[in-house]
Amino acid sequence: MSDTPRLPGLKLADADWLVQAALTVGAERGFPPLAVAVLDVAGEVIALRRADGGAPMTSRIAVAKARTALLALKPSGQIDLPGGIVDGIQHLYGGDFVPWAGGVLVTDGDLILGAAGASGAHAVEDEEAVRTAMERWRENHSRTP
C-alpha cells in the first residue's frame, strides 16, 4: 500500500470506460470523429483519445470543455455570459474556458468525481456523446449502495 494520498473521484478504469463509451456513442450515431477527454477533480487529464480521422485541435478543445464544466460546476453548454466576461475568463485560464456544449460533470449524486468533454462534431452532438456515456457509466458503475 502506498503512503501517497489520492484525490477522490475517478480512477483510470473509470476514465477509460467513459472515453470508450463516448467514442462508441459517436460512432453509433454517425457523428464525425470525436476526441474525448476525462479529467479528475483537479482538472487534470486522466484519459484522452481521438478517433481516427479526428482533427488534431479537437483533443485540446475536448479537454477545455471538460475543464470549463469543472470551473463553472455545470455543463459547459449552460454557461451564458457576455463576450467580454468570457474573454476575461479565457485569459485567466489560458484559453481553457470554452462555453460551448460538450463538457459535463461526472457525478455520484451531488459529489463531483471529475468531468468529461468531447469535440469534433456539432457542440450538441459532442455533449450528447459524453452525457450518454456518463449515463451508461452510472448504470454500470453505481458507487452508492
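Any value given below was found using the heavy atoms of this structure, including those in side chains, with hydrogens, waters and symmetry copies removed.
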- prompt: Could you give the distance from OG (S76) to CG (L70), rounded to the nearest 0.5 Å?
  reply: 10.5 Å
query: Should S59 and R49 count as side-chain neighbours, where that means a heavy-atom distance under 4.5 Å?
result: no
- request: Give the cluster check for V63 versus L71: same hydrophobic cluster or not, with ILVMFWY residues linked at side-chain heavy-atom distances below 4.5 Å.
  value: no
- prompt: Can you find a pair of side-chain heavy atoms, one from W17 and one from N140, that are under 4.5 Å apart?
  reply: yes
- prompt: Do T68 side-chain atoms and P99 backbone N/O form a donor-acceptor pair below 3.5 Å?
  reply: no
For residues 112-129, dump all side-chain donor-acceptor pairs below 3.5 Å to protein atoms at least two apart in sequence or in another chain.
| from | atom 1 | to | atom 2 | distance (Å) |
| --- | --- | --- | --- | --- |
| E125 | OE1 | H122 | N | 3.1 |
| D126 | OD1 | G120 | N | 3.4 |
| D126 | OD1 | A121 | N | 2.9 |
| D126 | OD2 | K65 | NZ | 2.8 |
| E127 | OE1 | G102 | N | 3.1 |
| E127 | OE2 | R131 | NH2 | 2.5 |
| E128 | OE2 | R29 | NH1 | 2.4 |

- request: Without swapping roles, check the side chain of D108 against the backbone of L111 for a donor-acceptor pair under 3.5 Å.
  value: no
task: Would you sort out whether I79 and F97 count as a side chain to side chain contact (heavy atoms under 4.5 Å, CB included), showing the intermediate values?
output: CA-CA 10 Å; I79 298 167; F97 186 80; 4.1 Å; yes
message: Ignoring hydrogens, what is the shortest heavy-atom contact between V41 and P8? Give both atom names and the distance.
response: CG2-O, 3.7 Å
message: Donor-acceptor check, side chain of T24 to backbone of Q20, threshold 3.5 angstrom: yes or no?
response: yes
- prompt: Can R67 and L39 be said to form a side chain to side chain contact (heavy atoms under 4.5 Å, CB included), step by step?
  reply: CA-CA 8 Å; R67 283 193 180 130; L39 311 179; 3.3 Å; yes
query: Are the side chains of L81 and I89 in touch, meaning some heavy atoms are under 4.5 Å apart?
result: yes
query: Is there a path from W137 to V25 through hydrophobic residues (I, L, V, M, F, W, Y) whose side chains come within less than 4.5 Å of each other?
result: no
- prompt: Hey, which of L10, D16, D14 is the one that makes side chain to side chain contact (heavy atoms under 4.5 Å, CB included) with L12?
  reply: D16
Shortest non-hydrogen contact from V19 toward A47: CG2-CB, 3.9 Å
Any L34 side-chain heavy atom under 4.5 Å of L23 side chain: yes
